[in-house]
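Here's the structure we're looking at; comments come further down.
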Amino acid sequence: MTETEILIIGGGIAGASTAYHLAVQGHSVTLLERGQVAGEASGVNAGSIGAMGWGDSPDLESYLTMGSLEIFKSLQLDLGYDIEFRQSGTLQAIHTEAQYAFTRDRVLHLRAHGYCVDLLTTREARSLEPEVNPALLGCMYLPLRAQADPQKATRALASAAMQNGAQFFPQHEALAIQQRRDGSYIIETEQTMFGAGTLVLAAGAWCGEMGEILGLRIPILPVRGQMWASEPLPPRLFQTISSAESALHWHTDPGNGPVTPPELTHRGGVRLTRHLYGRQTRAGEIIFGGDRQLIGYNKGPDAEGIAINHAHAAEVLPMLREVPIKRTWAGLMPFSLDGAPLIGRIPQHRTLYIVSGLASSGFGRGPMAGKLLADYLHTGHRHPVLAEADPARCVTRLE
Ligand SMILES: Cc1cc2nc3c(=O)[nH]c(=O)nc-3n(C[C@H](O)[C@H](O)[C@H](O)COP(=O)(O)OP(=O)(O)OC[C@H]3O[C@@H](n4cnc5c(N)ncnc54)[C@H](O)[C@@H]3O)c2cc1C
């Protein structure tokens with residue numbers, strides 16, 4: 001039996017960041033990962049980092065995005081990890097008059113609340129990103145947004161955690177969990193058993209399954225995201241690229257229900273909207289994705305959705321019409337039923353915590369989610385913004 005103070009289940013960006021920030025503060029930390037660190041969503045995402053500034057009244061979203069931006073910068077600039085970080089900015093393409101009116105109002109609202117966004121004419125957008133379609137009606141510009149390599153960034157956090165004394169066990173799946181009389185835990189894997197005073201669930205889209213092992217209903221569902229990549233090409237794209245189509249659709253109809261998280265692209269098999277995000281990597285691949293489908297633990301990409309996404313990307317960047325798809329892949333995102341993250345203590349147990357529900361933007365928000373949870377565990381005080389992410393709002397005992 002290996003004893004540890006704090007045991008984390010899940011070696012994605014949320015778990016790796018929690019481990020790093022706990023280890024830096026001197027805690028004895030063990031992390032179990034069923035496969036390899038960054039082997040799931042945290043290693044296969046688009047690497048787009050969302051940030052719009054702190055605003056004049058910083059909320060959870062400001063903390064998660066701006067705090068994570070600082071952690072990515074610090075990995076790249078101060079700690080010596082080349083994670084391919086660039087504060088590239090994002091352009092969000094506007095295709096229709098309705099999208100233009102929606103984006104204009106959104107930009108005015110955000111700027112009035114202190115956020116760093118702008119509305120560009122297509123000519124202005126094309127001076128930043130020459131391949132942008134001249135037929136667009138304009139672009140929303142988010143200059144603080146950034147990008148990094150997801151594998152390298154997640155592994156950098158894991159490596160920094162290990163340098164500070166955290167112990168990582170890849171290929172160790174938590175199969176069973178028992179609670180001892182004193183409230184501490186025994187976690188069983190095929191190879192060995194671990195004892196831990198405190199348990200942190202960072203199992204991403206598998207948090208619901210972890211909950212079942214503990215007799216809890218944790219309303220986090222797996223949502224498939226899929227992407228495609230071109231062959232490596234000379235540098236052509238400089239920002240990360242998105243489209244206003246889904247933003248307007250979800251503003252009008254978030255689409256959530258009793259068993260459905262908000263902001264999906266499909267209901268059942270029926271497409272509701274097209275979502276788009278992408279960039280060119282340092283190696284030259286142009287990568288794009290967008291679909292968000294609730295179809296269980298299916299990780300196989302779907303060719304029709306990929307073709308629709310490619311066509312959408314080519315509406316924004318006409319050069320892509322001539323650029324064939326070289327490879328495709330998919331991963332599972334942890335969507336909570338109400339769309340908000342779960343970061344904090346699970347009240348049904350005294351020493352059980354969770355950091356998850358980071359949905360489609362967990363790469364960009366995971367580093368600070370881990371730091372906020374680590375600070376909570378270290379100090380015993382919950383940062384006020386974590387009230388928005390309190391697991392008590394939705395975790396219940398299984399009947
Ligand atoms: C195609 C795609 C594109 C995306 N693009 C972006 C983007 O551009 N920007 C952005 O911010 N976000 C993006 N996301 C979302 C982002 O990747 C996720 O929100 C984030 O990676 C979630 O991190 P996590 O650590 O919570 O989960 P994960 O990365 O899934 O990590 C959880 C880990 O827990 C492990 N695990 C599960 N059960 C057990 C067990 N019983 N024992 C041990 N280990 C276990 C799993 O193996 C896994 O490695 C994208 C996601 C996908 C799929």
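Ligands are counted one by one from 1 in listed order, and the atoms in each one are counted from 1 as well.
Of all protein heavy atoms, the one closest to atom 24 (P) of ligand 1 is Ser42 OG, 3.8 Å. Looking only at heavy atoms of the protein, atom 27 (O) of ligand 1 is closest to Gly204 CA, 3.5 Å. In terms of protein heavy-atom proximity, atom 5 (N) of ligand 1 is closest to Ala46 N, 3.1 Å. Summary of contacts: the protein heavy atom closest to atom 41 (N) of ligand 1 is Ala174 O, 3.1 Å. Of the protein's non-hydrogen atoms, the one nearest atom 8 (O) of ligand 1 is Ser48 N, 3.1 Å. Among all protein heavy atoms, the one lying closest to atom 34 (O) of ligand 1 is Gly10 CA, 3.2 Å. Among protein heavy atoms, the minimum distance from atom 33 (C) of ligand 1 is reached at Glu33 OE1, 3.5 Å. Nearest to atom 16 (C) of ligand 1 among the protein's heavy atoms is Phe363 N, 3.6 Å.
Salt bridge annotation for Glu285-Lys326: absent, with no cationic side-chain nitrogen under 4.0 angstrom from a carboxylate oxygen. A salt bridge links Glu3 to Arg180: at least one charged side-chain nitrogen sits closer than 4.0 Å to a carboxylate oxygen.
Of the candidates Met227, Arg365, Gln147, the one placing a heavy atom closest to atom 1 (C) of ligand 1 is Met227. The residue among Gly43, Ala202, Ser360 with a heavy atom at the shortest distance from atom 13 (C) of ligand 1 is Ser360. Nearest-heavy-atom check against atom 36 (N) of ligand 1 across Ala203, Gly289, Gly331 picks out Ala203. Of the options Gly366, Pro334, Gly370, the smallest heavy-atom separation from atom 22 (C) of ligand 1 is shown by Pro334. In the candidate list Glu173, Met210, Arg224, Met333, Met333 is nearest to atom 52 (C) of ligand 1, counting heavy atoms.
Considering CD1 of Ile306 and NE2 of His310, their distance stands at 10.5 Å, rounded to 0.5 Å.
Around CD of Gln191, the count of heavy atoms belonging to other residues, nucleotides or ligands within 6.0 Å exceeds 12.
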### Task
For side-chain hydrogen bond (donor to acceptor under 3.5 Å, both in side chains), just list the numbers for Thr90 and Thr240, CA-CA rounded to whole Å, side-chain angles, deciding distance to a tenth of an Å, and then say yes or no.
CA-CA 5 Å; Thr90 290; Thr240 62; 2.4 Å; yes
### Task
Let me see the working for Gln87 and Leu144 under side-chain contact (heavy atoms from CB on, under 4.5 Å), right down to the final yes or no.
CA-CA 6 Å; Gln87 194 173 307; Leu144 295 180; 3.5 Å; yes
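No donor-acceptor pair under 3.5 Å is formed between the side chain of Thr198 and the backbone N or O of Ile6. Counting only distance, with no hydrogens or angles, the side chain of Glu40 and the backbone of Gly12 share no donor-acceptor pair below 3.5 Å. Although no hydrogens or angles enter the test, the distance criterion places no donor-acceptor pair under 3.5 Å between the side chain of Thr154 and the main chain of Ile13. Judged by distance alone, with hydrogens and angles left aside, the side-chain atoms of Gln293 form no donor-acceptor pair with the main-chain N or O of Leu264 at under 3.5 Å.
Residue contacts with ligand 1: Ala41 is placed with a nitrogen or oxygen under 3.5 Å of a nitrogen or oxygen of the ligand (distance criterion only). For ligand 1, one of its N or O atoms has an N or O atom of Ser361 under 3.5 Å away. An N or O contact shorter than 3.5 Å is missing between Gln226 and ligand 1 by distance. On a distance-only criterion, Trp206 and ligand 1 share no N/O pair closer than 3.5 Å. Some N or O of Ile13 is nearer than 3.5 Å to an N or O of ligand 1, by distance alone. Note: no N/O pair closer than 3.5 Å links Leu332 and ligand 1 by distance alone. Residue Gly362 has at least one nitrogen or oxygen atom sitting less than 3.5 Å from a nitrogen or oxygen atom of ligand 1, judged on distance alone.
Taking the side chain as every heavy atom from C-beta outward, Leu342 and Cys394 approach each other to under 4.5 Å.
Proximity of Trp329 to ligand 1, defined as any heavy-atom pair under 4.0 Å, is not found for any part of the residue. Within the 4.0 Å heavy-atom criterion, both parts of Asn45, backbone and side chain, lie near ligand 1. Only the backbone of Ala359 comes within contact range of ligand 1, with a heavy atom under 4.0 Å; no side-chain atom does.
The aromatic rings of His349 and Tyr185 lie parallel to each other, their planes meeting at an angle below 30°, with 60° marking the opposite boundary. Aromatic ring pairs are classed by plane angle as parallel below 30°, tilted from 30° to 60° and perpendicular above 60°; the pair Trp206 and Tyr297 is parallel. Ring pair Tyr376/Tyr353 is perpendicular by interplanar angle, where above 60° counts as perpendicular and below 30° as parallel. Between Trp228 and Phe288, the ring planes are parallel. Angles under 30° get that label, and only those over 60° would be called perpendicular.
Per-residue contacts place Leu32 under 4.0 angstrom from the following atoms of ligand 1 (heavy atoms of the residue considered): 43 (C), 44 (N). Proximity to Glu40 (heavy-atom distance under 4.0 Å) selects the following atoms of ligand 1: 30 (O), 46 (C), 47 (O), 48 (C), 49 (O). Of all atoms in ligand 1, numbered sequentially from 1 with element shown, those under 4.0 Å from a heavy atom of Ala14 are 25 (O), 26 (O). Proximity to Gly47 (heavy-atom distance under 4.0 Å) selects the following atoms of ligand 1: 8 (O). Residue His172 approaches ligand 1 through these ligand atoms, each under 4.0 Å from one of its heavy atoms: 43 (C). For ligand 1, the atoms lying closer than 4.0 Å to a non-hydrogen atom of Gly364 are 10 (C), 11 (O).
Residue Asp291 forms a side chain to side chain donor-acceptor pair (under 3.5 Å) with just one option from Arg274, Arg271, His275, and that option is Arg271.
Using a 4.0 Å cutoff on heavy atoms, Gly39 does not count as a contact of ligand 1.
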Let me have the donor-acceptor pairs involving side chains of residues 209-222, under 3.5 Å, with sequence neighbours excluded, atom names and distances please.
none

